[in-house]
Novice: 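Below is one structure. I have some questions about it.
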Amino acid sequence: MDYQFKDIENKWQQFWADHQTYKADNQSAKPKYYVLDMFPYPSGAGLHVGHPLGYIASDIFSRYKRLKGFNVLHPMGYDSFGLPAEQYAIQTGQHPAITTEENVNTYRRQLDQLGFSFDWSREVRTSSPDYYKWTQWIFMQLFNSWYNKADEKAESIEKLITHFAANGSNGITAVCDEDTLTFTAEEWNAMSQEAQQTELLKYRLTYLRESTVNWCPALGTVLANDEVKDGFSERGGYPVVQKKMMQWSMRITAYAERLLQGLDTIDWPEPLKEMQRNWIGKSVGASVKFPIESHESAIEVFTTRVDTIFGVTFVVLAPEHELVTSLTTPEQKAEVEAYIAQTKKKSELDRMADTKTVSGAFTGSYVLNPLNGERIQLWIADYVLAGYGTGAVMAVPSGDQRDYLFAKHFNLPIVPIIDTQNIETEADPTKEGKYINSDFINGLTYKEAVAAVVAKLESIGAGKAKINFRMRDAIFGRQRYWGEPVPVYFKNGLPYLISESELPLLLPEIDKYLPTETGEPPLGRAEGWKYQNEHEYELSTMPGWAGSSWYWYRYMDAHNGQEFASKEAVEYWKDVDLYIGGSEHATGHLLYSRFWNKFLKDLGVVFEEEPFKKLINQGMIQGRSNFTYRLAPLILNVDENYAKPEVYVSKGVYELYKEGDFDTIEQIALFYKDLLPEGAELGEMEFSKLHVDVNIVNNDVLDLAAFRQWRSENKNAIIILEDGTVVYPNDSTEQESKYICDSEVEKMSKSKFNVVNPDNIIERYGADTLRMYEMFLGPLEQSKPWNTNGIEGVFKFLRKFWRLFHNDQWEFTVSNEAPTKAELKSLHKIIRKVEEDIERFSFNTSVSSFMIAVNELTDLKCNKRAILQDMVVILSSYAPHICEELWALLGNEAGTLSYAAYPKFNPDYLVEDEFAYPVSINGKTKMNLSIALTLEPKDVEAFVLANADVQKYLDGKTPKKVIVVKGRIVNIVI
RNA sequence: GCUCGGGUGGUGGAACUGGUAGACACGCAGGACUUAAAAUCCUGUGAUCCUUAAAGAUCGUGCGGGUUCGAUUCCCGCCCCGAGUACCA
């Protein structure tokens, strides 16, 4: 029979499901290999053709690893809490759990028909109570932990309490809030329970803190910075205001250094690591205190160039700095207040965007340089950010461009401090040279100066070396319904954990998915929802990243009711060997996951410092839109309800028109005039470029019949083809010419009519073709537009492969004869090539090589079992269905292919006796000469020079030089 | 602005460590089979020039230079496109 992909694919998908072919065991004599995909949020739109790209790659890799003798864990699940289902619930009243269930089913159906080798027995859903029970459990562990800097790890809060009770706060170095108290053991023990809890909250790894958030009243929720555009919510465009709120936060900053160091130990794409490094934003420098003149306190600044301290000519505070009001002198009050008011009006974004204008105000106060006592003006300016460092900077206009511009604008002094500095037109941040105007560091080099200044500052208690991180603690909560409830209740305004035995804390039912009338989150609507019928629960739910920050561990032991995963399972699977997903999660999911992983390791329940050993970013699949050109001229003297005739011109005609081709312009005008009613006048000719559904376009050729049906207005359209032929609505005669559409690469989206659904492709060509074609498209990591055009080539390849096993009557026929040298050569070339390609994730080149191999075997008319059976094994990672079928036809036990052995490469079959040396004259290839590979370079040279054709090129001259690279090339220099 | 990717035929792309640029596929053109179409198969296909033809010449991997017997590959300078980030002291 001909290649019946539909029957074959249905049959084997059913077989794999029935026999649980891909169920992985938690113990095995084989080495383990864990291949993970970033699990999807099940959206209502289902999968488009871009989504499975990474899944196909990871599936090929998983199947390959099984053939290579690994025990492979390859699971899939759903990140099923999230906004879209909740938004839909608000609009329709349908419970998000129902919407989610429906969407999950669609996803499952679509994933199944792609033939993935997932172990579905381990499926997880973050919104299921058996799962979020453990998300809540991890939250509780974080609440019960603090970060001990002395050990560089998280420890139990009990240990901290014991220490406080015995030694007070003395001897504790923790990552904690800034306002922690200093107390003795007696003082601690004398504190009330509430006071102790308040103090402990400043240490816990998840804690409540008042923070400024982007509050969107219309949506009734807090938005992340990237969900706000120009002061409006990205979704819906509602106004967003800054609001102070008590929020749960995660003390991720405790792990800043470990998160940074760990990057050097993992095999991730460099750009992604770079993004995380920038996000963490470590800078090494010093903090310096500038005493305020006739004032008790000092202004503390952070600087990375402490060596430039003698170049400081002013100090600048952020307008929001807490000392601004108290340090403003009466004379400057009006100016400073006006400036602050002006800053407040500007949104955060305006402030960042407008980096050109210099603005600021003098407070009237002075600070003193701690090293030489010099009086320094104290200013405020919005280029200093309250949120970074201490919200104050020491300005060194000779070395920093912003300070330079500020000094020029306000006529402040600029003092050069290094002898090589050139500060005539701009600041010069050089570190090369010797210091001048710098007191005791004059004449020193950069390195010497830094050490000397820091030592001096420390000795007088005016500063110290310091490392600063840009990363902030992560806000952990949103005022939404569809998320994990926080397992916390409040007593006297203080948070307490519910007990572990009460987990999971189930999401209560509510009548409407909206904030309460008093502005509380939706959970405030839950009737009688109180801890022990008495205490208020936390009403916000966890953010989207909570459930995804540990899910790879749940796959290891998905049904464990006692633990998030058993120790044995975690010890066996350890970490993810290969993780495939998009780079958009660089500073979200991938950073939070590393954070939770490190915490769980400190807790002793997992064992690896890094969760994802190797990570690959698959590129985005963009859409490729098609366009038609509709004539849309100005028409005068017609009724205002007059509907213009629908006339579309082919791309070439449009282009001729635009180029000003006289005949085309005139013909179109004449033609169009005929369509107009009596008395109407044709004005200026224009064209509308309209998106057309890519599914009715094939190789940019529009399917006219489908086009007429696509939209009712098109039914009576007049269509001008590429050669100028005019097609009228009821004209069904065959045309020589075609209607050619224009094209453009854009995002894949419904509104652009460029969404290609995998269901349609599978219906037409089958999953094996789709899988191979997605790989064939180009390198996995590169973004590329989807274009269905080339898919025929892959489909033809699979048919050709099928045909190797069949005779002209489509009867299955293979021969048991011994293979020839040429056949073995083809086979072993592909054995090696596919192995190399998969190991370096170059799937596209494998597909080409398969085509070459099948072309060669077809030319050799090879139907030998010895060759074809190995071919089936090699190809099975890419096209599993057709290979299972052929494997069974070859007489093997059904379903055993997935665990067969990858054929062993034997280099002997590729040994050549001769090589066709390219012979170049002065680097330009002129001919090929077949020469035995046993010949040494000297003999090759003699052989080549003796050749008559070479002699012709030499034209009697003696070559200056002859380069012979054995087995590669001969180059003759004349 | 900074950081990181990337620029190769009409198109997607290939080229190991510096060694025959354009594999493989699409598209296109021509041919075979067919009453016809579809399907299938065969041939050709970077550009320009030259020749009746066979063959040949020149140019060619974003641009300009360099290293080398030899550069898509290495080095220097620049241009364009994409992503991330943004007053970070």
Side-chain angles (χ1 to χ4, degrees), chain A residues 2 269-275 277-279 281-283 285 301-306 308 315-316 318 351-358 381-385 387-396 399-403 405-406 468-470 583-584 586-587 617 619-620 622 624 699-701 734 743 745 773 776-779 781-794 796-797 799-800 803 833 836 840 842 844-853 855 916-928 959-965 967-974:
Chain A
D2 195 355
E270 203 45 52
L272 204 126
K273 291 206 229 180
E274 202 55 33
M275 271 192 247
R277 284 193 193 104
N278 288 338
W279 188 264
K282 179 180 180 176
S283 33
V301 303
F302 174 74
T303 175
T304 53
R305 288 294 302 274
V306 73
T308 63
V315 164
V316 192
R351 240 173 99 169
M352 285 192 276
D354 182 18
T355 60
K356 294 264 153 31
T357 343
V358 176
D382 65 4
Y383 80 83
V384 177
L385 305 175
Y388 183 75
T390 57
V393 303
M394 59 178 224
V396 185
D400 182 287
Q401 186 59 19
R402 287 161 326 187
D403 297 346
L405 291 173
F406 196 85
N468 203 39
F469 290 98
R470 186 168 64 169
S583 60
E584 66 272 22
T587 51
N617 288 132
M620 274 236 296
Q622 295 142 314
R624 184 179 185 276
N699 281 323
D700 292 337
V701 177
E734 266 311 312
S743 68
V745 172
Y773 184 60
F776 188 58
L777 229 40
E781 300 182 66
Q782 219 167 283
S783 285
K784 57 226 152 201
W786 176 267
N787 188 346
T788 313
N789 288 356
I791 199 165
E792 294 275 350
V794 173
K796 276 191 228 167
F797 155 76
R799 277 193 72 189
K800 214 165 166 182
R803 247 200 351 225
K833 178 74 172 146
E836 283 173 359
R840 63 190 172 106
S842 173
N844 56 323
T845 49
S846 286
V847 180
S848 302
S849 308
F850 278 126
M851 290 174 172
I852 295 169
N855 288 346
Y917 280 89
V919 178
S920 339
I921 312 282
N922 290 335
K924 285 183 180 150
T925 313
K926 297 292 177 186
M927 68 191 94
N928 285 311
K960 281 200 194 112
K961 198 171 175 184
V962 179
I963 292 108
V964 178
V965 183
R968 284 243 185 258
I969 198 168
V970 177
N971 189 13
I972 301 166
V973 187
I974 306 178

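Because only heavy atoms are used, hydrogens play no part in the values below, and waters and symmetry mates are left out as well, while side chains stay in. None of the values given here were measured: they were computed from a predicted structure. Order of the sequence lines sets the chain letters (A, B, ...), proteins ahead of strands, with each chain counted from 1.
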Novice: So, OP1 or OP2 of B:G13: does either fall under 4.0 Å of a side-chain N or O from A:Q782?
Specialist: yes

Novice: Taking the side chain of A:S848 as its heavy atoms from C-beta onward, which of B:C24, B:G12, B:U40 lies nearest to it?
Specialist: B:C24

Novice: Is it the case that the side chain of A:K961 and the backbone of A:N971 share a donor-acceptor pair, with hydrogens and angles ignored and the cut-off at 3.5 Å?
Specialist: no

Novice: If we ignore hydrogens and angles and just use 3.5 Å, is the side chain of A:D403 paired with the main-chain N or O of A:V396 as donor and acceptor?
Specialist: yes

Novice: Give none if B:C59 has no partner; otherwise give the nucleotide forming a Watson-Crick or G-U wobble pair with it, both distances under 3.5 Å.
Specialist: B:G46

Novice: Determine the interatomic distance between P on B:A32 and the same-named atom on B:U17; round to the nearest Å.
Specialist: 47 Å

Novice: Nearest of B:G13, B:C24, B:G84 to any side-chain atom of A:M275?
Specialist: B:G84

Novice: Under 4.0 Å, counting only non-hydrogen atoms across every strand here, what does A:K960 touch: a base, just sugar-phosphate, or nothing?
Specialist: nothing

Novice: Base, sugar-phosphate, or nothing: which does A:E270 touch, judged by heavy atoms less than 4.0 Å apart?
Specialist: nothing

Novice: Against A:V384, only a single residue in A:V301, A:T390, A:V315, A:V316 fulfils side-chain contact (heavy atoms from CB on, under 4.5 Å); can you say which?
Specialist: A:V316

Novice: If each of A:I852 and A:Q622 is mapped to the nucleotide of RNA chain B with the nearest heavy atom, which maps nearer the 5' terminus, i.e. the 5' end?
Specialist: A:I852

Novice: Would you indicate, yes or no, if B:A89 has its OP1 or OP2 atom less than 4.0 angstrom from a side-chain nitrogen or oxygen of A:S283?
Specialist: yes

Novice: Closer than 4.0 Å, any side-chain N/O of A:N787 to the OP1 or OP2 of B:G27?
Specialist: no

Novice: Give a yes/no answer on whether the side chain of A:R402 brings an N or O atom under 4.0 Å of OP1 or OP2 in B:C88.
Specialist: yes

Novice: For A:V393 and for A:G793, find the nucleotide of RNA chain B with the closest heavy atom, then tell me which residue's nucleotide is more 5'.
Specialist: A:G793

Novice: In the strands shown, is B:U20 matched to any nucleotide by a Watson-Crick or G-U wobble pair with both distances under 3.5 Å, and which?
Specialist: none

Novice: Extract from the structure each pairing of a protein N or O with an N or O of nucleotides 68-70 of chain B at less than 3.5 Å, listing the distance.
Specialist:
| unit_1 | atom_1 | unit_2 | atom_2 | d |
| --- | --- | --- | --- | --- |
| B:C69 | O2' | A:N971 | ND2 | 3.2 |
| B:C69 | O2 | A:N971 | ND2 | 2.6 |

Novice: Counting only side-chain nitrogens and oxygens, does A:K273 get under 4.0 Å of the OP1 or OP2 atom of B:C4?
Specialist: no

Novice: Just name whichever nucleotide pairs with B:G64, Watson-Crick or G-U, keeping both distances under 3.5 Å, else none.
Specialist: B:C76

Novice: With heavy atoms under 4.0 Å as the rule, sort A:N468 into base, sugar-phosphate or nothing.
Specialist: nothing

Novice: Classify A:F797 by what it touches in the nucleic acid, base, sugar-phosphate, or nothing, heavy-atom distance under 4.0 Å.
Specialist: nothing

Novice: Quick check on B:A23: is either OP1 or OP2 less than 4.0 Å from any side-chain nitrogen or oxygen of A:K833?
Specialist: no

Novice: Partner of B:C88 by Watson-Crick or G-U wobble geometry, both contacts under 3.5 Å, or none?
Specialist: none

Novice: Counting the atoms with a prime plus P, OP1 and OP2 as sugar-phosphate, which does A:P918 contact under 4.0 Å by heavy atoms, base, sugar-phosphate, or nothing?
Specialist: base

Novice: Mind checking A:P779 for me? I need base, sugar-phosphate or nothing, with any heavy atom below 4.0 Å counting as a touch.
Specialist: sugar-phosphate

Novice: Applying a 4.0 Å non-hydrogen cut-off, can you work out what A:D700 is touching in the nucleic acid: base, sugar-phosphate, or nothing?
Specialist: nothing

Novice: Categorize A:K800 for me: base, sugar-phosphate, or nothing, with a 4.0 angstrom heavy-atom threshold over every strand shown.
Specialist: nothing

